[in-house]
Amino acid sequence: MPSEYRVEVALDVPLPATFTYLAAAALPVGARVAVPFGTRRLAGVVTGPGDESADTAKLKAVDALLDDLPPLPASWLELVSFTAAYYHAPIGQVAATALPTALRGAAPVRLNDTRPWRLSSAGRLAEPPAARAKAQRALWQALSCGVLSKDAARAIAGQAGKLLAEWDAAGWLERVDTCWRDAPVAAGPELTAAQAAALAELRGTDGFAAWLLFGVTGSGKTEVYLRLIADTLAEGRQALVLIPEINLTPQLLSRFAARFPSTPIAALHSSLSDGERLNAWVDAWQGRAGIVIGTRLSVFTPLPRLGLVIVDEEHDASFKQQDGVRYHARDLAVWRALKARVPVVLGSATPSLETLYRVETGRYRQILLAERAHASASLPAVRILDVRRQRLAEGLSEMVVDALKAAKRRGELSLVFINRRGFSPVLSCGDCGWTSGCRHCHAKMVLHLSERRLRCHHCGAFEPVPHACPSCGNVDLKPVGHGTQRIEEALARMVPDARVLRIDRDSTSRKAAWDEIYRKVHAGEVDILVGTQMLAKGHDFPALSRVIVVNADAGLYSADYRATERLFSVLTQVAGRAGRADAPGEVLVQTQWPDHPLFAALVAHDTLGYAKTLLAERRIAALPPITHQAILRADAPDIRDANAFLESVRDTLAPPKGVTVLGPVPALMARLAGRERAQLIIESPQRAPLHAFLDAWRPDLDAAARRAGRSLRWSLDVDPQEL
DNA sequence: AGCACGCCGACT
DNA sequence: GTCGGCGTGCTC
């Protein structure tokens, strides 16, 4: 049979183009196909009609049309190609990222019918199982009362799968197409005046609108989301809810399930098997799920009846993918809402500067929830402890140890927060507060002990390491944020009889670990919790009377200009752990720089004011979000190979007016997993010339990488979140 | 990224 | 004599 048709197919290979194939019939755009590629057989997605100018002799034919599913929707393909264009990633790799694992392979996929059951008319006339078969009887009774999902059936009878199959074969059952438009919604708590006002404003729009829901910790943002979702479901439309991985807890999911008991919810969390994820994904795609709730990857779920998008904790760094296709789920979520002409709500207690800047420029609208939902819970009192010229034992001051001892005597739970993020060795003077700033730009210079010099990671300038403080002559210069390695042992030693529990990635890697930690804490078997980042968010601990931050300074002067923004955010969140119940909490922050404006804002709970300060700084320094950046990263076992690659591409193409290429400079984490990392920073006040430059540059990058050999790895990061 | 082809060292 | 090391080149 002659192959008269041609199609373009996107394949998961690191090549920028799509590939032209011959086909015996006109294949629909969005169809999944299997194609021969070299010696392999790969899965691909049809992106459009084939290139007619391609030489027929070189073309191969499509092998098979996979799946009996309908083709992927045009809106999904549009999202994939936008992502590929914006992040300068090969479209086939984006498509593979956007599909669930089960749909990435070249094997056809068969789907289970996941629709719930009810009794058919024959079933209603049939004899119920004997009363002594208790489980069978219970399952039958549940069916005769109404509709039953497979999960619900399994909860009633362990053998549900087998029984349902038998009864179905007997003709007693039928499938029900779910409709959530009239599904019941459980009553929620009464709204506060602020929540009601926020809701009224959010409901007042039609079509696309981007909102920042700016609410302090405990102000009840989730309740606002639930009410909006109820509106969306009542119109028969679907809601997409994006949540940081760490906040996507069973507690949160059961809160949604309890509010919408009969609405199918597709929860896309990390512990799903490939099959479960596929089912949830297809439920969303086929319009069977009313709510999709999940982490950044969920932004790619096709939703035919999308009516609302919510991004909770929109400032959270986990929305940015840090390898492969480096997309930002929050930004893509806003784009999706725009294309679907539906509202998007970005919620946060500490909004990102990107989002606040868009509020400032009028693109997003802001709604404030200024008070905690429980009138009795007030914001914690923050005290700044000046530790200059103090003797610190393992980073702990006497004041902090005394506070911990007093709390222990009163039987109260304290939290010692260790800020490990943003650590890079910036040199500082413990006497006068001098830090090693770069004389050519706004960045801090980083100590490179092996090279015995200071190096700027923004512009690349370097200087010898000073022997004494250039400002006051003190010879005892140290990297900021040093010396908190063995803090839990130190605590156990300095606070007699204190029961110290450490919480970090290691101690929580096992699944049962969290349950054990919760049990201990709730049973009052712990006096002091010690932990990093993980403790700042997501998990609710009761009656935290005191939060102590021992090394805030590590983020205060960092080579990464985003460090202060992140520090303020994490300190606000960890402070929010204190005093959530009836007792007002206290937060103690140790610092060598008590006069830093960050602390004044923290004490005053002035998130917005501090954000304005930071935005003003970014404007002066011409940094994001005022300007736009991309980073070309390279790593190799030998730094010279990475630098050689970056130098060879840096001058292949003259950047257009306004676009600046800086570097090569070392990455903030200059060495990782035995590889040395360096980068070029590309900056521009306008997005368009930046993207045009990256597009034109791409072939040069591919060519240079080929010349550089296999040991070199490289990637392009648009809107980087970390240096 | 895979996977082939291709040309040089230590083994049955 | 060959099994296998990973350099380089291509994939519609």
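These numbers come from the heavy atoms of this one structure, side chains and all, not from hydrogens, waters or symmetry mates.
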CG of Asp63(A) versus P of dC12(C): gap in Å, rounded?
12 Å
Gln93(A) atom CD is separated from dT11(C) atom C1', nearest whole Å, by 14 Å
Within the sub-3.5 Å range, which N or O atoms of nucleotides 7-10 of chain C have a protein N or O partner, and how far apart are they?
unit_1: dG9(C); atom_1: O6; unit_2: Arg710(A); atom_2: NH2; d: 2.1

Is there a residue in residues 27-44 of chain A whose heavy atoms reach under 4.0 Å of DNA chain C, and which residues are they?
Pro36(A), Phe37(A), Gly38(A)
Neighbours of DNA chain C within residues 47-60 of chain A, by heavy-atom distance under 4.0 Å
Lys58(A), Leu59(A), Lys60(A)
Interatomic distance, Asp323(A) CG vs dA1(B) P [rounded to whole Å]:
13 Å
Euclidean distance, atom CG of residue Asp12(A) to atom C1' of dC12(C) [Å, nearest integer]
16 Å
Can you list everything that forms a side chain to side chain contact (heavy atoms under 4.5 Å, CB included) with Glu676(A)? Sequence neighbours excluded, please.
Ile639(A), Arg671(A)
Side chain Gln679(A), main chain Gly663(A), donor-acceptor under 3.5 Å
no
With sequence neighbours excluded, what pairs up with Asp717(A) under the salt bridge (charged side-chain N to carboxylate O under 4.0 Å, His left out) test?
Lys320(A), Arg326(A), Arg633(A)
Could you pull out all residues at least two apart from His691(A) that satisfy side-chain hydrogen bond (donor to acceptor under 3.5 Å, both in side chains)?
His88(A)
Can you list everything that forms a side chain to side chain contact (heavy atoms under 4.5 Å, CB included) with Leu77(A)? Sequence neighbours excluded, please.
Val29(A), Val45(A)
Please identify each residue that fulfils salt bridge (charged side-chain N to carboxylate O under 4.0 Å, His left out) with Arg650(A), with sequence neighbours left out.
none
Side-chain ion pair, Asp719(A) and Arg330(A), N-O less than 4.0 Å
no
Between dG2(B) atom P and Arg104(A) atom CZ, what is the distance in whole Å?
13 Å
Without decimals, in angstroms, what is the distance between Leu22(A) CG and dC12(C) P?
12 Å
Sort and list the pairs that fulfil side-chain hydrogen bond (donor to acceptor under 3.5 Å, both in side chains) and have at least one residue in residues 55-66 of chain A, not counting sequence neighbours.
Arg6(A)-Thr56(A), Arg41(A)-Asp63(A)
Review item, side-chain donor-acceptor pairs of residues 700-709 of chain A, under 3.5 Å, at least two apart:
unit_1: Asp700(A); atom_1: OD2; unit_2: Thr652(A); atom_2: OG1; d: 3.0

Of all pairs that satisfy side-chain hydrogen bond (donor to acceptor under 3.5 Å, both in side chains), the ones with a partner from residues 97-106 of chain A, not counting sequence neighbours:
none
For Pro637(A), check side chain to side chain contact (heavy atoms under 4.5 Å, CB included) against everything at least two apart and list the hits.
Arg675(A), Ser711(A)
Using a heavy-atom cut-off of under 4.0 Å over every strand shown, decide if Leu11(A) touches base, sugar-phosphate, or nothing.
nothing
